Protein chains: 2
Amino acid sequence: MDDAQHDGYRLDEQVGFLLRRATQRHLAIFAGLIGGLTPTQFAALAKLCEMGPTSQNALGRATAMDAATIKGVIDRLRDKGLVATLPDPIDRRRLMLAPTEAGRAAYDTARPLAQRITADTLAPLTPAEQAAFLALLARLG
Amino acid sequence: MDDAQHDGYRLDEQVGFLLRRATQRHLAIFAGLIGGLTPTQFAALAKLCEMGPTSQNALGRATAMDAATIKGVIDRLRDKGLVATLPDPIDRRRLMLAPTEAGRAAYDTARPLAQRITADTLAPLTPAEQAAFLALLARLG
DNA sequence: CGGGCATCGTTTGCATACGAACAGTTCAGG
DNA sequence: CCTGAACTGTTCGTATGCAAACGATGCCCG
């Protein structure tokens with residue numbers, strides 16, 4: 001071993017690497033339970049249903065998405081018929097968003113699954129550890 | 001509030017959303033301290049320096065990257081002159097990788113920064129919380 | 001009231017990521 | 001020995017993500 005050359009540094013101990021691995025596993029679990037909707041798309045749809053009609057950029061901020069990113073997400077949700085877009089008559093810069101009937105139905109269907117996805121992702125931990133982990137993770141946002 | 005319609009579900013409490021936010025913050029910190037190298041590129045370079053010469057797919061597995069993903073990462077590292085590639089004479093399917101002089105130098109320079117990136121990312125937590133968080137996070141991979 | 005400034009959405013370019021399909025290579029078992 | 005399974009790297013398509021630049025619009029303040 002040439003560990004002496006590495007100052008005790010290990011890639012496997014760096015937060016970034018661990019975050020990436022955890023995200024990968026979560027993504028796999030998500031895809032297994034919710035098909036036809038990506039985590040990002042679901043996040044946008046969920047937040048839109050929670051918030052009610054909003055502008056595109058505002059929804060992006062609420063879901064921590066770049067203006068460029070939220071645009072693509074909304075485009076795809078609209079293509080799927082889950083979100084309706086119409087220009088704001090008052091502020092003509094704005095593009096107002098609202099979930100369609102199908103969008104609300106998809107949200108209602110996916111919501112319990114989303115909770116199970118969180119549960120499955122955290123399954124390796126005990127309930128007490130899960131709560132502690134979520135609390136710590138929330139402070140790193 | 002129409003929380004009654006949401007079964008106590010909150011997007012902001014789901015692991016996937018929190019993981020995404022934490023990853024975003026980490027990425028920003030990384031980009032601020034290490035320029036000219038992405039987290040993924042650094043991970044591949046670091047693991048290659050730790051492991052010594054390896055094949056492309058093997059490095060991908062060691063760094064939790066798809067075969068399609070590691071290809072692009074290695075291509076860019078080679079374009080930067082940090083990694084050398086040559087075909088394996090024994091197994092002609094394999095593409096052997098090794099860090100160049102510049103690659104090792106870049107790794108040596110970036111390694112202390114990487115540790116500081118981890119420290120900065122975890123800064124909102126106390127040292128005890130940091131250790132606990134990392135231990136829990138590692139079990140979710 | 002008018003000009004500078006901020007905000008909105010859009011586009012482009014780059015870099016992960018993953019699934020699926022592909023051709024070339026190796027190897028184990030019959 | 002030879003065939004089929006497994007593995008290697010590649011390519012394509014799709015979806016995030018961010019930075020930067022852009023035109024259009026709204027608004028504050030002098």
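Quick caveat: nothing in here was measured; it's all calculated off a predicted structure. Each chain gets a letter, A, B and so on, in the order the sequences are listed, and its residues count up from 1.
L37(A) has its CG atom 14 Å from the C1' atom of dT16(D), to the nearest Å. One interatomic measurement links the two molecules: CZ of F17(B) to P of dT16(D), which rounds to 14 Å at whole-angstrom precision. What separates CD1 of I70(A) from P of dC18(D) is a distance of 11 Å, to the nearest Å. Atom CE of M65(A) is separated from atom P of dG9(C) by 14 Å (rounded to the nearest Å). For the pair F30(A) CZ and dA17(C) C1', the interatomic distance rounds to 16 Å; values are reported in whole Å. The interatomic distance linking H26(B) (NE2) with dT16(C) (P) rounds to 14 Å, in whole Å. Summarising the geometry, the separation between CZ on R21(B) and P on dG17(D) is reported as 13 Å, rounded to the nearest angstrom. D66(B) places its CG atom 13 Å from the C1' atom of dT14(D), with the value rounded to the nearest Å.
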* Asked: Please walk me through it: do L27(A) and T38(A) pass side-chain contact (heavy atoms from CB on, under 4.5 Å)?
  -> CA-CA 9 Å; L27(A) 175 66; T38(A) 67; over 6 Å; no
* **Check against side-chain contact (heavy atoms from CB on, under 4.5 Å), L48(A) and L97(A)** => CA-CA 8 Å; L48(A) 184 57; L97(A) 310 178; 4.1 Å; yes
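Within the structure, every side-chain polar atom (N or O) of R92(B) is placed at least 4.0 Å from both OP1 and OP2 of dG9(D). Phosphate proximity of dA17(C) to T40(B): present, with a side-chain N or O under 4.0 Å from OP1 or OP2. Here T38(A) reaches the OP1 or OP2 of dT16(D): one of its side-chain N or O atoms lies under 4.0 Å away. Under 4.0 angstrom from either OP1 or OP2 of dC18(D) there lies at least one side-chain N or O belonging to Q24(B).
Looking at heavy-atom distances under 4.0 Å, D91(A) makes contact with sugar-phosphate atoms alone, never a base. Among the atoms of the strands shown, only primed sugar atoms or phosphate atoms (P, OP1, OP2) are found under 4.0 Å from some heavy atom of I90(A).
Using a 4.0 Å cut-off between charged nitrogen and carboxylate oxygen, R78(B) and D75(B) count as a salt-bridge pair. Ion pairing between E129(B) and R139(A) holds under the 4.0 Å rule for side-chain N and carboxylate O. In this structure, K47(A) pairs ionically with D12(B), as a charged nitrogen and a carboxylate oxygen lie closer than 4.0 Å.
The main-chain N or O of L140(A) is never found under 3.5 Å from a side-chain atom of R21(B) such that the two would form a donor-acceptor pair. A donor-acceptor pair under 3.5 Å is formed between the side chain of T100(A) and the backbone N or O of L82(A).
For the pair A68(A) and G72(B), both in contact range of DNA chain C, the more 5′-proximal nearest nucleotide belongs to A68(A). Between A58(A) and P39(B), it is A58(A) whose nearest contact on DNA chain C lies nearer the 5' terminus.
Distances were taken from every side-chain heavy atom of Q41(B) (C-beta onward) to each of dA19(D), dA15(C), dG9(D); the shortest belongs to dA15(C).
Within a 6.0 Å radius of CZ in R116(A), no more than 12 heavy atoms belonging to other residues, nucleotides or ligands are found.
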Protein-nucleotides 2-7 of chain C N/O pairs closer than 3.5 Å?
| unit_1 | atom_1 | unit_2 | atom_2 | d |
| --- | --- | --- | --- | --- |
| dT7(C) | O2 | R93(A) | NH1 | 2.6 |

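With contacts defined as side-chain heavy-atom distances shorter than 4.5 Å, the pair L137(B)/L136(A) does not qualify. Between M65(A) and R20(B), the closest side-chain pair of non-hydrogen atoms falls below 4.5 Å. Within the 4.5 Å cutoff, side-chain heavy atoms of Q41(A) are placed close to those of K80(A).
Taking the six-membered ring where the residue is Trp, Y107(A) and Y9(B) present perpendicular rings, their angle passing 60° and hence far from 30°.
Contacts between residues 75-85 of chain B and DNA chain D, defined by a heavy-atom separation under 4.0 Å, are absent.
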* Dot-bracket, DNA chain C: Watson-Crick or G-U, under 3.5 angstrom, [ ] crossing, | other strand? -> ||||||||||||||||||||||||||||||
